[in-house]
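Contents: one structure, followed by commentary.
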Amino acid sequence: MKLFQPLSIRSMTLPNRLVVPAMVTRLSGEDGFVNEDIRNRYLRFAKGGAGLVVLEAMAVHGSKSGPLLRISSDEFMPGLRDLCTDMHTIGPGKVVPQIIHFLKIARSGWRQKVEDLSIADIRTIRDEYAAAAERSVRCGFDGVELHMAHAYTLSSFLSRLNKRRDGYGGTLECRLRLPVEVVQAVRAAVGDQFPIGVRFDGEECIKGGYTLAESQLIAYRLVQSGVDYVSISAGGKFEDAQPRAGEPLYPYTGYSGDRCMPGKTWPDGANRYLPAGIKTFLRKQGVATPVVATGKINTPELAEEILAAGDADLIGMARPLLADPDWPRKVQGGHFDKVIRCCYANVCKARDEHFQTVACFLWPKGSKQAPESDDTVPPQWDRQLTASTAQGRVSLKWSAATDNEEVYGYDIWRAVEGGEFERIDAIPAPVTAYHDTATISGLGYRYFVQAYDLAGNRSERSIVVEATV
Ligand SMILES: Cc1cc2nc3c(=O)[nH]c(=O)nc-3n(C[C@H](O)[C@H](O)[C@H](O)COP(=O)(O)O)c2cc1C
């Protein structure tokens, strides 16, 4: 599989094409130091076998925020260095921190904008990025990723809504000026060999925001400035965030937030056209820089198809690898059938919003980390399943499975009108019921359910039941 072929990016060689994109954990304290919970989270990702693990966004500056890692001064280095060393020891992949600058926001709804920054502020931001990147070298990281996506400072400079009139806003060239200066300052600080990645939005997904037409040019300009890979995200902006009384704006609550972390109702690979369009443009300019695609990519087939089509060089999987950090190892061993599969309930996102430990909806209640087990005995059950219909929905009920360890959850599979079965959702045990509301009359539906345990061992399939609404 192409997915498990190595890829070299300047001085680092990734053992495979799977990336854990940055994902804030809310496991750190407000002090910003690496603690035991953070270590456990990332050692687990490393052990799972991803080719590249991007450590969650960590601040380059000292501004107050909720729980967030920091790399804004040397005092944070020992924890980061130990984490990096241990990740290298326990797993095959490379490790880079994502470094971020964000502007101030208040519970009142006020937020600082790029138009409020003085030239001195802008120079400070550039220098803070360079200093943080240089610390990344000293920590032993394999590279550094600059956060230029979503609602944060450099993304707001890139935005079409950046209305500065002083050479740092307005036209595309001027909107790119600070991001380019940051890349150049970072390159000067880290030297020729150290890989620099950038994460930015392929589309802002807000009214008046930029789209692929400009993000192709942004990618090209950043690469010309010294960037070694581009990781393409989408949306996640303040401009369309939903205000909630007494709470600071969370930039993933509007439409652009849905586009950033597409939930259940979005098709798989929802943002694929963005890395594809950017990669096509870069290649036309004779640029071979690797492109990372992310956004509801969740099966080996889809990942492989994206790579084979040339739509990306690397596959980012955030929520799927949160659900099961062992996804890479299991799939490489030919065992996708043992993967605990994300159901895009976006509970992780909701927890991030409320500064609660980011955990997966499917994990056993109260867990801070994904469960681990090397048990090989699958759950047992009587395979009984019933379907009933009312008011346009299909309700499934099944009898509970049993397991020598613990029944962890159930996958729901559906086939429409004689088509192939697709896994449409997952339900954590002990729930043994499911309502399918995405059905229409005039079509026949068939369902089966499969139980899985902590190791991902699947039970036999339930009987197949048929329904029409
Ligand atoms: C809880 C959570 C935290 C995230 N934190 C970050 C972050 O720190 N930096 C970033 O660039 N993206 C962040 N993201 C976005 C993910 O990296 C990813 O782009 C998004 O979840 C879509 O990919 P997926 O469908 O594979 O989950 C976060 C996503 C989630 C769910």
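Reckoned from all heavy atoms, side chains included, excluding hydrogens, waters and symmetry mates. No experiment lies behind these values; they were computed from the predicted model shown. Just follow the structure's listing: the first ligand is 1, and inside any ligand the first atom is 1.
- Applying the 6.0 Å contact sphere to NZ of K104 captures no more than 12 heavy atoms from other residues, nucleotides or ligands.
- The side chain to side chain donor-acceptor pair (under 3.5 Å) with D324 is formed by just one residue from the set R329, R341, K330; it is K330.
- At a heavy-atom cutoff of 4.0 Å, ligand 1 is contacted by the side chain of Q98 but not by its backbone.
- The atoms of ligand 1 that sit less than 4.0 Å from any heavy atom of M317 are 26 (O).
- Atoms of ligand 1 lying under 4.0 Å from at least one heavy atom of K296, given by number and element, are 24 (P), 25 (O).
- Residue contacts with ligand 1: A318 is placed with a nitrogen or oxygen under 3.5 Å of a nitrogen or oxygen of the ligand (distance criterion only).
- Heavy atoms of H150 approach ligand 1 to within less than 4.0 angstrom.
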**Asked** Given the rule in the ring-ring contact (aromatic ring centres under 6.0 Å, His included) test, do Y152 and F102 qualify, once you have shown the distances and angles that lead to the verdict?
**Response** CA-CA 5 Å; Y152 311 109; F102 46 87; 7.1 Å; no

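- Crowding of E301 atom CD: a count of heavy atoms from other residues, nucleotides or ligands under 6.0 Å exceeding 12.
- The shortest N/O to N/O separation between K349 and ligand 1 does not fall below 3.5 Å.
- Ring to ring, Y410 and Y452 are not that close: their centroids are 6.0 angstrom or more apart.
- A salt bridge is defined here as a Lys NZ or Arg NE, NH1 or NH2 lying under 4.0 Å from an Asp or Glu carboxylate O, and E181 with R123 fails to meet this definition.
- At the shortest separation from atom 28 (C) of ligand 1 among protein heavy atoms lies M261 CE, 3.7 Å.
- Closest protein heavy atom to atom 2 (C) of ligand 1: M23 CG, 3.5 Å.
- Taking a cut-off of under 4.0 Å to the non-hydrogen atoms of T294, the atoms of ligand 1 that pass are 18 (C), 19 (O), 22 (C), 23 (O), 26 (O).
- Ring orientation note: the planes of Y168 and F157 are nearly perpendicular, at an angle over 60° on the 30°/60° scale.
- Residue contacts with ligand 1, taken as heavy atom pairs separated by less than 4.0 Å, involve V24 via backbone and side-chain atoms alike.
- Listed by atom number, the atoms of ligand 1 under 4.0 Å from P21 heavy atoms are 17 (O).
- Proximity to A57 (heavy-atom distance under 4.0 Å) selects the following atoms of ligand 1: 8 (O).
- Among R126, M148, R221, Q184, the one residue that satisfies the side-chain contact (heavy atoms from CB on, under 4.5 Å) test with P179 is M148.
- Using a 4.0 Å cut-off between heavy atoms, R199 contacts ligand 1 through its side chain alone, with no backbone atom that close.
- Ring planes of H150 and H147: perpendicular class, angle over 60° (limits at 30 and 60°).
- Among all non-hydrogen protein atoms, the one lying nearest atom 6 (C) of ligand 1 is A22 O, 3.1 Å.
- Formation of a donor-acceptor pair under 3.5 Å by the K237 side chain with backbone atoms of A234 is not found in this model.
- Residue P262 places no N or O, backbone or side chain, under 3.5 Å from any N or O of ligand 1.
- Figure legend: cation-pi geometry between K349 and Y252 absent, as NZ or CZ is not positioned both under 6.0 Å from the six-membered ring centre and within 45° of its axis.
- Heavy atoms of C260 approach ligand 1 to within less than 4.0 angstrom.
- At the top of the distance list for atom 27 (O) of ligand 1, counting protein heavy atoms only, stands R319 NE, 2.6 Å.
- Here atom 1 (C) of ligand 1 lies nearest to V358 when heavy atoms of I100, V358, D201 are compared.
- Every atom of ligand 1 with a heavy atom of P320 under 4.0 Å away is listed here by number and element: 26 (O).
- For N346 and R319, the side-chain atoms include at least one donor-acceptor pair closer than 3.5 Å.
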